[in-house]
Engineer: 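Let me give you the structure first, and then I'll get to my questions.
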Amino acid sequence: MLVATVTALLNSCPTAKQAKQIHAQIIVCALNNLEPLLVRQILLSASTYSTTVAQYVLKILYHLHCPDAFSWGFTVRYFSQQAQFKEALSLYFQMFKQGLCPSTFAISSALRASARIVCRTEGILIHAQSFKYGFCGCVYVQTALVDLYSKLGDMNTALKVFDEMLVKNVVSWNSILSGYLKLGHLAEAQRVFNQIPRKDVVSWNSMLTGCAKSGDMDQACLLFEQMPERNYASWNAMISGYVDCGKIESAQKLFAEMPQRNNVSWITMIAGYSKFGFVESAWELFNQMPEKDLISFNAMISCFAQNNRPTEALKLFNEMLKADVNIQPDEMTLVSVVSACSQLGDVRYGSWIESYIKNFGIEFDDHLVTALINLYAKCGNIGKAYELFDGLKKKDVVAYSAMILACGINGKVYDAVNLFTAMVDAQIEPNLATFSGLLTAYNHAGLVEEGYQCFNSMMEHQLVPLLDHYAIMVDLLGRAGRLQEAYELIESMPMRPCAEVWGALLLACEVHSNVDFGEIAAKHCFELEPTTTGYYSLLANIYASVGRWDDARKLREVIKDKKLAKIPGRSWTEIT
DNA sequence: CTAGGGTTAG
């Protein structure tokens, strides 16, 4: 590669991520035999992208006159430490292809990389190589192997390697412990924990997290009190445990009590608030954060997107791109941004967002593609949605549900049903959202009996219908004119019906000019959402349609008063 | 080796 080409490439690179990938290419060139002086020039220009890369480049240059196994090993380790696991692995295999004998350095780093991104085949291959080169007695290699097999969930092999270790260290103990915890074998983990000769703070934290994840906060508390030393991870694991079991107040209390907070603490709380719909509290914390990083922005953007505040999500996204903040978004950012765009349901966002993704050099991973399916479906581009769906590497329950809904809102009931059948055939368990999509499909097609059957079949999948499912059913029954049944369904609901549910009935009553149920539905809507004038209009329409002009007029008066009373508040939100 | 952010819901 010529200096000019590489330099131009780097200068035109719009994202740090792409720049990093180009670094990787350059480093391979460097190690592969380019003239040192030429490469030096390239690397120095590359190093302007980050100080860590600059430091690294200097070290590489030191060895450059002879790209030997040591340099390669050093490089693999560097990438592994930088959490660039894919790059680390690919470098390792390139080195191997050159016929160079790997060092324990390279092997243990490559194993670490394959453990972190759970590359089964690669990991096992490297294990075989380390055996071939006689490195299986090296503690670093052994420790990495124990961790690899624990992360793969293969505890038999992990234990086999572990038992062969002449010198067991606390890291290998901890790897075994986290292996069992990952599988949810709490009792086994506890047994291992008790056996660890010199437990360190990681051992305690792992055990604590295991208890918290299984919902046993009492045991987690006990461990937290007993542990000889606490670090950030200990406190954060406790906070995260409380958030997971819905005890947001306890989480809040610990957050306030902890001696020092790091970004993980802040983000755990923000995500916790988001989960339970406390958007204002999340926003307040976010603003108090001293050093906001990518993940904190992602958490906050996701909070807005998940709580039906798409405009604020997009606003914050723009905020992070501003020069004074300048944080590069990643796949996860875009997933929330795409979700926000689809909530706004504006066709224009489709191409806007795609060009953004391309400009930022972001990969279209399955999550992002699923979010895009929804976006295109909402914009009515079902063909594009299908195209994306077919291109998915792995179709999971979310992907199927998104596609079923895509068909549902675009009037393709039979496609939706076929997808559902295909999904069940593929042994993928439908969830609540799957049924939302399917019911939506039946609703759009006005297929009452099928919808009913579908609703009732939820029980067969051990699913209890949520508010939304009831809302769709009420809408379906109501539009079909089966108002009595719709009303009875509402009455049979195990949870308190929200305004949306009564609103669906009210709307149906307007369509069918039914005063009796209309009045009941409206009464509930007025109670639940006194400021929404739309419900008053609906009832007024119903009165008008049966000739009760006086009642209709009275309601229109009420609407006028309410609108007047609302003006100050509304204009305020519109300005900001 | 432990702790934080993602997709579906007329």
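Computed from a predicted model, the values in this text were never measured in an experiment. Chain A is the first sequence line, chain B the second, and so forth, proteins listed ahead of strands; every chain is numbered from 1.
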Engineer: Any donor-acceptor pair, under 3.5 Å, between the side chain of A:D293 and the base of B:dG4, if you only look at N and O atoms?
Structural biologist: yes
Engineer: Write down the distance between CG (A:N236) and P (B:dG4), rounded to a whole number of angstrom.
Structural biologist: 8 Å
Engineer: So, is A:Q343 near the phosphate of B:dA9, with a side-chain N or O under 4.0 Å from OP1 or OP2?
Structural biologist: no
Engineer: Less than 4.0 angstrom between a side-chain N/O of A:R116 and OP1 or OP2 of B:dC1, yes or no?
Structural biologist: yes
Engineer: Do any side-chain nitrogens or oxygens of A:S302 fall under 4.0 Å of OP1 or OP2 in B:dG6?
Structural biologist: yes
Engineer: Looking only at the side chain of A:K378 (C-beta and beyond, no hydrogens), which of the listed nucleotides B:dG6, B:dA9, B:dA3 gets closest?
Structural biologist: B:dA9
Engineer: Taking the minimum atom-to-atom distance to the side chain of A:N174, which one of B:dT8, B:dG6, B:dC1 wins?
Structural biologist: B:dC1
Engineer: Starting the side chain at C-beta, find the nucleotide from B:dC1, B:dG4, B:dG6 nearest to A:S175.
Structural biologist: B:dC1
Engineer: Check every strand shown and say whether A:D147 touches a base, only sugar-phosphate, or nothing at a heavy-atom separation below 4.0 Å.
Structural biologist: sugar-phosphate
Engineer: Closest approach to the side chain of A:V398, judged atom by atom: which nucleotide of B:dC1, B:dT8, B:dA3 is it?
Structural biologist: B:dT8
Engineer: Quick one: the side chain of A:N231 and the base of B:dA3, do they pair up donor-acceptor inside 3.5 Å?
Structural biologist: no
Engineer: Please determine whether a side-chain nitrogen or oxygen atom of A:T143 lies at a distance below 4.0 Å from atom OP1 or OP2 of B:dC1.
Structural biologist: no
Engineer: Is any side-chain N of the basic residue among A:E312 and A:K315 closer than 4.0 Å to the acidic one's carboxylate O?
Structural biologist: no
Engineer: Mind checking if A:L294 touches a base, just sugar-phosphate, or nothing, with heavy atoms under 4.0 Å?
Structural biologist: base
Engineer: Taking the minimum atom-to-atom distance to the side chain of A:M332, which one of B:dT8, B:dG6, B:dC1 wins?
Structural biologist: B:dG6
Engineer: Would you tell me whether A:S401 and A:T434 have side-chain atoms, one donor and one acceptor, within less than 3.5 Å of each other?
Structural biologist: yes
Engineer: Which whole-number value in Å describes the distance from A:W235 CH2 to B:dT2 P?
Structural biologist: 22 Å
Engineer: Expressed in angstrom and rounded to an integer, what is the separation of A:N374 atom CG from B:dG6 atom C1'?
Structural biologist: 14 Å
Engineer: Take atom CD1 of A:I409 and atom P of B:dG10, then tell me their distance rounded to the nearest Å.
Structural biologist: 8 Å
Engineer: Do A:K358 and A:E354 sit within salt-bridge range, that is, some charged N less than 4.0 Å from a carboxylate O?
Structural biologist: yes
Engineer: Examine B:dT8: is either OP1 or OP2 under 4.0 Å from a nitrogen or oxygen in the side chain of A:S339? Give yes or no.
Structural biologist: yes
Engineer: For the residue pair A:Y487 and A:W502, does the interplanar ring angle fall in the parallel (under 30°), tilted (30 to 60°) or perpendicular (over 60°) class?
Structural biologist: tilted
Engineer: As a test of reading the structure: which of B:dG4, B:dT8, B:dG6 is closest to the side chain of A:D365, going by heavy atoms?
Structural biologist: B:dG6
Engineer: Under 4.0 Å: is that the gap between some side-chain N or O of A:K213 and OP1 or OP2 of B:dT2?
Structural biologist: no
Engineer: Is it true that A:E363 and A:K393 have a side-chain N and a carboxylate O under 4.0 angstrom from each other?
Structural biologist: no
Engineer: Short of 4.0 Å, heavy atom to strand atom, which residues of residues 272-286 of chain A count as contacting DNA chain B?
Structural biologist: none
Engineer: Can you establish whether the number of heavy atoms outside A:E500 located under 6.0 Å from its atom CD is more than 12?
Structural biologist: no
Engineer: Does NZ or CZ of A:K292 lie under 6.0 Å from the centre of the six-membered ring of A:F297, at an angle within 45° of the ring axis?
Structural biologist: no
Engineer: Calculate the interatomic distance between A:R112 atom CZ and B:dC1 atom C1'; express it in whole Å.
Structural biologist: 10 Å
Engineer: Does NZ or CZ of A:R261 lie under 6.0 Å from the centre of the six-membered ring of A:Y232, at an angle within 45° of the ring axis?
Structural biologist: no
Engineer: Would you kindly give the CG-to-P distance between A:L388 and B:dT7, to the nearest whole Å?
Structural biologist: 17 Å
Engineer: Tell me whether A:Y452 at atom OH has more than 12 heavy atoms from other residues, nucleotides or ligands lying less than 6.0 Å away.
Structural biologist: yes
Engineer: Please determine, for the side chain of A:S401, which listed nucleotide (B:dT8, B:dT7, B:dA3) has the closest atom?
Structural biologist: B:dT8
Engineer: Of the candidate nucleotides B:dC1, B:dG10, B:dT2, which contains the atom at the shortest distance from the side chain of A:N443?
Structural biologist: B:dG10
Engineer: Please pick, from B:dG10, B:dT7, B:dC1, the nucleotide with the shortest atom-to-atom distance to any side-chain atom of A:S178.
Structural biologist: B:dC1
Engineer: Starting at atom CZ of A:F162, determine the distance to atom C1' of B:dC1, rounded to an integer number of angstrom.
Structural biologist: 12 Å
Engineer: Could you check whether A:N169 gets within reach of a base, just the sugar-phosphate, or nothing at all, counting any heavy atom under 4.0 Å?
Structural biologist: nothing
Engineer: Look at A:K199 and B:dC1 and indicate whether a side-chain polar atom (N or O) is within less than 4.0 Å of OP1 or OP2.
Structural biologist: no
Engineer: Nearest to the side chain of A:V335, heavy atoms from C-beta on, is which of B:dT8, B:dG6, B:dA9?
Structural biologist: B:dG6
Engineer: Between P on B:dA3 and CH2 on A:W266, what's the gap in Å once rounded to a whole number?
Structural biologist: 22 Å
